[in-house]
Structures are given as structure tokens and as C-alpha cells.
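These notes are about the structure you will find just below.
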Amino acid sequence: MAVSNPYIKNLLTCINLEEKEQVERYSLDQQHSLKQLKVEGLALHPITVTRKNFGYADYPEISFKLNCPVEINLFKDGAAIECFCVGEEPVKGLLLNLDGRSGECRLFAPDFPDWIEDKNVGIKLAPDQRTTSIMKNTLNNLEANKDLYRLFEEIHGTRPVIKREVDEADQHIVFANKNLNASQQAVVKEMVANHEMLIIHGPPGTGKTTTLIEGILQLIKQGEKIIVTAPSNTAVDNIAKGLIEKGAGVLRVGNSSKTDELVFAHTPEGKLASSREQKEIKQLKIRAEEFSKMALKYKRSFGKEERGQRNLLFKEVKDIRQQIKKLQAYNEEKLFEQADVILGTPIGLYDADLRHLKFNCLVMDEAGQCIEPLAWCVFPLAQKYILAGDHLQLPPTVLSNEGAQLGFNTSILETAAKTMQPVFLLDTQYRMRQPIAGFSNQYFYEGRLKTDEKLLSSAQHVTFIDTAGSGFNEEHGEDGASLKNEGELNIVNKIIETENIDPAQTAFISPYAGQVAAAKDMLPKQMRISTIDSFQGQEHHTIIISLVRSNDDGIIGFLKDYRRMNVALTRAKEQLYVIGDSATLGSDTFFVAFLKYVEAFGYYRTVWEWDL
């Protein structure tokens, strides 16, 4: 049946545009050199393989380290990748995790390629055709699902929202967490009430995860079976840990390679580790490995007969892997039925194939980072939905500019928050000193965000250092791809030297990857150095932001994405330093408002105070 809804058609167009952009940008060919891919943050090369093993379903997995600091922002957990060696056939795979300079990935191959430990090995992003095909399939079938399609139309404002009867029995809640504030308690009560869709707006530092954990525990108490998801494995694990510590019956599905011991014990692999079935799987894995080794005795140059023998051995490996998958699926089925809460990323949950199970409620954290089609992939699993996040921080990352213009980077949270009223706000922040929170509170949160009384302060916690007239101009890096401003980095070193700042308690962030790369060469090694995008969801005692832009034309580029600035300005707990050129920023209303705020509530300084 052809799709008729214009919003669904638009989303399908966006997916095609994103797919096309991925193919064009990730290609390693005559048009796209390896150097160019590295400059754009799309390839990691060279890597050093530190460990090889056979992991989930007996797929080969490698641990690796990066030989030098590079920008890894686009390499998200679960990203589709290709492992390559210059001059050899690449192998498709999946990035399991990447943290700093260490990572792991799974290869979709019968065995490790011969060249895996060569000096010229690298990893590059690849088109994620599997995820795009899942999203397309979901959207193409959406109109046929009567209840889900009604919800889609309500969210998009093309059908009046049906008000459900809300269960008032929530007044008798006994909170497991006695430290919740009034807005957190109110949100938990709304989670327990019978809303078809509930929107929880959790600005930075307001205890969103704490609140979600309490709400999920209360839903379990009511006998509900819950599914929990988020676009990142880190967010999924944070909720999993909180629920495990409270004794909930948790099952974490999907990528378990990076989970710590606490969470791993609650994955299917962890729960089945000592079972009789697992011993059988282990024997099958040993057999598969033996056949792989036999196949790999036939090296790169061999004749027709040897090739046939090698293919037969690899077919045997494939058959054993199918047996392993069937055994694992059978064992996992019992675990799925026993669990109170099943957690995973949207694709992790989709892969677990839970459609035959009945879930009362789906809770999505970081919903402000989830593109809409991905949400509809998991919405069929439940009857009611809780979306939590902050749509006033960074939207989901998409590659296609054309797709972004058509709204592909509009998250499910941002779309739903416009129509599915009311939106329940967590209204007290516990992260940062009140003067640090003050500007974002005024500009983004309509002054509704309170600060915990322990963080109230009349001291100077926000400093703007103005470089106007100093000649510290922006410049393109050697690659020409991203901007940097070495003058601003010199200021950072002077601040550390003269202001008694501990580099180990300080993070340097900038919107520009070129500035971050330069900072890694010029700033103290103990400092955390990151793009703003990579730092979302994190915090530090002291934050130094380098805005980079300084030119005669007042061009500020993607500093105009004010949500990125909202992220940047809300990471510091005690001290926030912002370095920028007021002459360049002064034509923009957002930065004019920020500079006025600093003059009223912070410390406005100029670069001339330091001998540079």
C-alpha cells in the first residue's frame, strides 16, 4: 500500500537523502582521499589492534587504540563502520564503543582478515543501510497500524489529541527515593497516571535520570512490564544501573561489550554465563574457530580446488553460527518473559525481536537526541509512552543539509512537545552555581528554572574575556576544513597560569573541531578537551569555552545554533570562562543578550589584562 500521509512521505525522503549523503561522504575512492576522510572526522587511521577475540554469535571482534588524539565525535556506539587496510578489500562491521583513544568493533566476516594487524589498518564510517532499511520499513507500514497511526497524526497536529482518563490513584504513592523535590514527585505521579503520552522536560542538572528511575520502579510496583530506550548506550546503562541498585528485574539487551560488571550480569550473556546451554554454545564456538583456522590455512594466493575447500569450511562456520544464534534466541526468550524491565537502544530492542511480548509502557530517555523514524521503530512494542529529555539542547546529528532543512534533525521530543500538552518540567537544577545557570534560564527556560539553595551565590562564577581589537583572528587549519584561533588558546594558557586553575579539574570545549585539535597540542595534557557536541550530558568543575570566530564581517557560522551554546554554557559547576570577540559577536542578538548578562551578573574582562 502506497504511503499517503505527507509527513511520512517527508520522513522517507529525508531517510533517502541521509542515505545518499552517507554513501557520498563515507566513500574511500578517487574523489575522497583517506586524508580528506580523516580531516572530516570520518576515518580513524592508523589504528593498532591490541586484542582479537570471537564475541557475540561468534563474530570476530577487535580491540584497538588510536596512535594520536583525533576528533571522534561522529563515531557513536553502534555506528556502521568498515575496517580497511590500504590496497585490501574492506570488511563491514559495527563500532561497539570508542572512549578517548581506545575502542572495540565487531566484524561481519567469518574470521579476521589476514591484514588485520598490518601497520596501515584503519576504521571509517560506512552507510548504515540496515538502520535506514528498518526505518523505511517501519514508516511504510505505519498507516496500516490503526492505533499507532492515530498517535502519529496527533503528534503532527493533523488530528485532535484524544484525552485519556487519568488514574488518580497516584496520590497513594510511597516514594522509594525520599530526596525527590516537588517537581520530581509530580512527574513521577504523572508517569504512574494513565497518560498515552507523557513529555518530561529535563533541563541540565535537574535530576532527569533519578526521576525516571523512581517512576519506573513505581510502574513495576503497579505490575507493569516496561521497556526503556535511549539513542546512546551510555544513557541506557545509566538507567540500568539505577534500577539494578534498587533491585528491579532488569534485562539489558544489545551492545554488552562496554557495559561494566554490574550491568553485564543483567545482559543475556551475563545471565546465561554459567548455564548448561552456554556450555553447549561454547563448544560450538570452539568448533567454529577450528574450522576458521583450517580455512585460513589457505592464504591469499591459491587455486580453484583450495578455494572450493576454503568456501566449504566457511559455509560450515556460517552454519554453526546459525546454530549458536538459534540457541541464544531460545535461551533469551525465557529471560525476556521473566524481566520487569528490558533496556536497549532502539535498534538493540528491534534486533531482540520483542514484538510477541506485551509491554505496558515505553520510556525513552534522551528523546531530544532521537530522530523521529527511529522512535516509530520501537513505539509498536508498548501501549503508552514517556518521552524525556531537553529539546532546547542539541538536536540529533544528521549528515544531509537538505534533510536537516526538511526537518530530519527535529527530534521526536521536539515534535511531540508542540502538540502533546502539557509538558512537565523538572524545575530545580543541582549542577551549577546560580550565576552560571542564570543566562540559560532566562533565554531558554522562561525563568522557570530554580537553583538548589546550596548553589546560590553572589560571587563571580561567569567570566567573559573579550579579544576585540587584539588581532587574534580565526584562521583555517592546515586542512582547510575547520577553523581555529591560536590567540584564544594562548589566553587559555595565561588564565590557567594566573587564575590558579587546576587543569585536571578543567575542561576546554569549542564548537570547532579545528580548535579542539589545536588545543590538544597547545594546552595542558591533564585537561579534558572536547567539542561541545561530544560534551553534551557531561559536567566539570571549571569550563573554558573558546568561541573562535573573529573576523571583520561579523560572520559567526554555526555559533548561530543557540542550542549548542545552551549545552556549552550549562556544563560548568563552579567556574565558567567564555573567550570571544565582542566586535564579531555584537551583531547577533543572542550574544548581545549574553554579554549584557555577564556585565550585570559576571565578570567582563579584556585580553589586554594579560601580557600576550
Side-chain angles (χ1 to χ4, degrees), residues 19 22-68 70-72 74-76 78-98 101-130 257 288-318 320-321 479:
E19 200 169 23
Q22 285 184 9
V23 170
E24 286 177 6
R25 284 194 52 189
Y26 297 161
S27 297
L28 183 54
D29 52 29
Q30 289 177 327
Q31 282 79 38
H32 302 81
S33 68
L34 177 55
K35 184 181 177 184
Q36 192 180 341
L37 290 181
K38 286 163 73 172
V39 162
E40 292 175 18
L42 303 173
L44 308 173
H45 177 271
I47 63 167
T48 301
V49 173
T50 55
R51 183 168 159 265
K52 298 187 299 182
N53 66 292
F54 287 90
Y56 177 76
D58 209 34
Y59 283 116
E61 292 179 359
I62 61 166
S63 300
F64 62 89
K65 67 178 183 186
L66 305 175
N67 299 346
C68 56
V70 291
E71 179 51 52
I72 59 173
L74 295 173
F75 284 82
K76 311 278 188 198
I81 55 109
E82 280 184 1
C83 188
F84 66 91
C85 183
V86 178
E88 301 286 353
E89 188 69 29
V91 177
K92 290 189 184 302
L94 178 81
L95 183 69
L96 298 174
N97 68 80
L98 181 57
R101 292 200 196 181
S102 302
E104 292 174 283
C105 63
R106 179 177 297 149
L107 304 178
F108 298 136
D111 213 317
F112 299 100
D114 300 340
W115 44 259
I116 195 66
E117 290 175 280
D118 288 4
K119 286 179 181 174
N120 228 347
V121 172
I123 288 169
K124 72 178 190 68
L125 291 174
D128 191 353
Q129 290 158 330
R130 188 160 176 281
S257 69
E289 197 167 345
E290 284 169 358
F291 282 123
S292 289
K293 281 176 181 169
M294 286 162 67
L296 287 170
K297 282 179 185 171
Y298 302 102
K299 288 294 177 187
R300 297 181 200 186
S301 51
F302 44 79
K304 187 179 175 184
E305 196 176 314
E306 287 89 348
R307 183 178 281 107
Q309 189 63 32
R310 176 171 161 141
N311 288 342
L312 279 172
L313 289 165
F314 276 146
K315 184 182 181 301
E316 193 66 35
V317 171
K318 195 174 178 182
I320 293 171
R321 288 213 176 113
D479 50 64

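Side-chain atoms are counted along with the backbone in the values below, which use heavy atoms only and exclude waters and symmetry mates. Please read these numbers as outputs of a predicted model, since none were measured by experiment.
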Fill in: Residues in ring-ring contact (aromatic ring centres under 6.0 Å, His included) contact with Phe75, at least two apart in sequence or another chain
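So Phe75 forms no ring-ring contact (aromatic ring centres under 6.0 Å, His included) with any residue.
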
So which atom in [X] and which in [Y] form the shortest heavy-atom distance, rounded to 0.1 Å?
| X | Y | value |
| --- | --- | --- |
| Phe84 | His45 | CE1-CD2, 3.9 Å |
| Ile116 | Val121 | O-CG2, 3.4 Å |
| Ala109 | Pro60 | O-CD, 3.2 Å |
| Cys83 | Trp115 | O-CH2, 3.3 Å |
| Tyr26 | Leu125 | CB-O, 3.2 Å |
| Ile47 | Asn67 | C-OD1, 4.5 Å |

Let me confirm one number: the [atom1]-[atom2] distance from [X] to [Y], rounded to the nearest 0.5 Å.
| X | Y | atom1 | atom2 | answer |
| --- | --- | --- | --- | --- |
| Glu117 | Ile62 | CD | CD1 | 9.5 Å |
| Phe108 | Leu94 | CZ | CG | 5.0 Å |
| Lys124 | Ser27 | NZ | OG | 6.0 Å |
| Leu98 | Ile123 | CG | CD1 | 8.0 Å |
| Arg106 | Leu96 | CZ | CG | 5.0 Å |
| Ser102 | Leu66 | OG | CG | 7.5 Å |

Discussion item. Taking Ser63's backbone N and O only, do any of them form a donor-acceptor pair with Thr50's side chain (distance below 3.5 Å, no angle check)?
Written reply: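 Pair found, side chain donor or acceptor close to backbone of Ser63.
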
Worksheet entry | Backbone of Glu104 reached by a side-chain donor or acceptor of Glu61 within 3.5 Å | no

Item to complete: List in chain and number order the residues that pass side-chain hydrogen bond (donor to acceptor under 3.5 Å, both in side chains) with Gln129, two or more places apart in sequence or in another chain; answer none if no residue qualifies.
Response: none

